[in-house]
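Below is one structure, written out as structure tokens; comments come after it.
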Amino acid sequence: MSGTVQPHRFWSRRGYDSAGIATISGGKICAEKDVGKLDQVCGKHDLDGLPGNIGIGHVRWATHGDVTQVNAHPHFDCKRQIAVVHNGIVENYQELRTRLESNHLFVSQTDTEVIPHLIEDYMDAGASLEEAVLKASKQLKGCYAFAAVSVKEPDKIVATRRESPLVVGANTHRSFIASDALAFLEETNRVVFLEDGEMVILGKNITFLDKDGKPVIREFKEVDWKWDQATKQGYDFYMLKEIMEEPQAIKQATMQDKRLLLEMAIGILRSKQVVITACGTSRYAALVGRYLFSRLAGQFCDVIMGSEFQYFSDSIDKNTLVIAVSQSGETADVIQGVKRAKENGATIYSLVNTVGSSLARMSDRVLYLNCGPEIGVAATKTFVSQLALFYLLSFTMANKLDDGLEQLLDVCPKIERGFGKNSKKLQGLAQQTRDKHDFYYIARGINFAIAAEGALKMKEISYVHAEGMPAGELKHGTLALIEKNTPVVVICPKDYTYEETIANAHETKARGAFVIGVSEEMNPIFDEWIEIPEVDEVFQPLVTVVPLQLLAYYSALARGRDPDKPRNLAKSVTVK
Ligand code: F6R
């Protein structure tokens with residue numbers, strides 16, 4: 001950094017229901033904000049054209065307050081001299097707002113707006129911007145990462161965090177703060193991940209302060225993601241690009257330190273109890289992992305969803321090994337549960353994609369997915385990479401790593417061949433079922449988790465009701481919902497579960513179901529057949545999940561949805 005005033009930016013890229021920017025120029029705050037995805041807001045307002053060398057921006061994913069222009073960030077103090085953008089939830093905002101309302105004017109319904117007003121009070125009493133930010137942050141309960149600018153100190157951005165992620169980046173002429181390194185990867189891959197309670201001042205220099213406001217030295221490190229990995233490279237959507245990258249992602253996930261794998265495998269085998277915790281798609285990867293641990297290494301473990309895990313803390317102790325699975329490494333529910341488990345003395349292993357993420361930093365051992373950035377909000381390549389790590393761990397636990405690796409790599413070209421084979425049929429199927437409002441996915445054994453994942457993908461990007469369940473569970477209630485032409489996706493590779501799963505498919509057919517079979521072989525009961533290659537039973541999830549991801553993708557397109565930005569879902573869910 002040179003001694004002149006440098007352009008600095010804060011950018012949060014975790015949401016997309018509204019967006020806004022504030023810069024400082026000519027002694028005042030210049031700002032634009034509006035409802036819509038970033039490109040829509042940019043279409044309406046000249047965000048790039050705002051003057052100044054300092055700027056903070058935000059894309060919102062509403063938690064408190066409707067999706068309206070006034071609720072979009074940045075938020076301001078009464079005199080519009082301070083602007084703030086914020087990720088997270090201020091849990092005590094109501095109490096703070098009630099206290100501040102007697103002499104402050106609030107215009108939005110958000111929890112965030114208390115922050116600029118708190119800063120305003122401290123600055124009016126003579127505090128510098130960083131002192132005011134520190135004091136204001138001490139008043140907040142909940143999780144936050146926020147950045148503030150003030151016209152009184154127009155050459156700096158001050159930011160701090162608790163529980164929500166914040167990363168600082170710098171190249172020779174600019175510095176950045178963001179919720180995710182991807183936000184500025186085009187400019188630099190040199191980063192510092194801020195710790196809880198720390199503060200950063202981007203000014204002529206970059207200064208880090210600890211939770212008491214004392215300067216601390218933080219070293220910049222390089223993240224190994226490249227900007228071109230985060231571009232569409234000719235595909236219409238990131239989701240399709242990332243599905244196509246899956247064979248490569250599996251190969252990259254296998255590049256692990258064998259000693260670390262062995263240490264972790266021994267840790268798992270020696271633990272009195274092993275619990276895997278995760279949310280959403282990562283939890284379905286964990287369910288496959290549980291099956292692999294049992295089938296390949298005779299190790300039983302439980303899988304508990306992140307948001308429920310903390311409620312089991314009575315039975316988590318120093319004899320527990322927790323394996324947390326999260327592509328982002330920032331999912332608040334997972335982090336909360338892991339924190340509790342750590343307090344109880346548990347050992348923490350994690351499987352994450354984002355190097356330096358909060359979860360990685362709080363874990364005793366970490367395996368990275370190594371699949372590069374995943375931009376599509378719906379998880380696809382990170383799912384198969386998580387499966388790959390579970391294969392590596394399970395085969396190491398069974399003392400058969402080399403053999404397992406060879407078999408795993410053999411599956412990759414089979415996945416690749418499947419793309420060409422099924423793509424037309426899946427597009428047709430998506431068109432054929434585009435007016436359907438309910439989908440059911442059934443499977444047994446290792447593929448049950450794939451039924452659940454197939455349904456989740458359909459639900460999150462096509463906005464239709466979809467349920468995945470063990471095929472045997474169907475008759476305990478859900479059969480009542482099967483009507484004429486209800487699509488039922490039956491995942492039934494030709495293993496020891498085949499006959500029973502087909503019998504369950506017959507039960508749905510008897511009620512009029514439109515049966516979509518996912519199998520190596522056609523069966524007369526299928527109305528449509530999605531062919532999968534023959535692989536050993538334990539590897540089936542890798543070949544059954546891909547056509548279901550594609551079916552969800554084509555269904556989203558057939559229904560006019562944007563598969564990369566499904567409504568009401570964020571790439572990193574950093575709120576509880
Ligand atoms: C599914 C999806 C979500 C995530 C979940 C966990 O496509 O995107 O269900 O899987 O929010 O996210 P991570 O893996 O980052 O913890």
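Order of appearance sets the numbers: ligands from 1, and atoms from 1 within every ligand.
Between E531 and K425 there is no salt bridge, since no side-chain nitrogen of the basic residue lies less than 4.0 Å from a carboxylate oxygen of the acidic one.
Aromatic ring centres of Y391 and F539 lie closer together than 6.0 Å. Ring-centre distance between H465 and F439: not below the 6.0 Å cut-off. Under the 6.0 Å cut-off for aromatic ring centres, F146 and H73 do not qualify, their centroids lying 6.0 Å or more apart.
With A278, C279, G280 as candidates, the residue nearest to atom 6 (C) of ligand 1 on a non-hydrogen basis is C279.
Shortest contact from atom 12 (O) of ligand 1 to any protein heavy atom: T331 OG1, 3.5 Å. Among protein heavy atoms, the minimum distance from atom 11 (O) of ligand 1 is reached at V573 CG2, 3.8 Å.
A 4.5 Å side-chain heavy-atom check between Y463 and R561 finds at least one atom pair inside the cut-off.
Residue-ligand proximity, V377 to ligand 1, at heavy-atom distances under 4.0 Å covers atoms 8 (O). Near E460, meaning under 4.0 Å from any of its heavy atoms, are these atoms of ligand 1: 1 (C), 2 (C), 7 (O). Near T281, the atoms of ligand 1 lying under 4.0 angstrom from a non-hydrogen atom of the residue are 1 (C), 7 (O), 9 (O), 10 (O). Every atom of ligand 1 is numbered from 1 in the order shown, and the set under 4.0 Å from a heavy atom of S282 is 10 (O), 13 (P), 14 (O). Annotation for ligand 1: atoms under 4.0 Å from non-hydrogen atoms of S326 are 13 (P), 14 (O), 15 (O), 16 (O). If you number the atoms of ligand 1 from 1 as listed, the ones under 4.0 Å from a heavy atom of K457 come out as 1 (C), 7 (O).
Contact analysis leaves V334 out of contact with ligand 1, as no non-hydrogen atom separation drops below 4.0 angstrom.
Screening residues 381-392 for salt bridge (charged side-chain N to carboxylate O under 4.0 Å, His left out), with sequence neighbours left out, gives E245-K381.
In terms of the side chain to side chain contact (heavy atoms under 4.5 Å, CB included) criterion, residue partners of S357 (sequence neighbours excluded) are, by chain and number, E330, V352, T354, A360.
Relative ring orientation between F184 and F176 is described as parallel, the plane-to-plane angle staying below 30° on a 0-90° scale split at 30° and 60°.
Between S328 and ligand 1, an N or O atom pair is found at a separation short of 3.5 Å.
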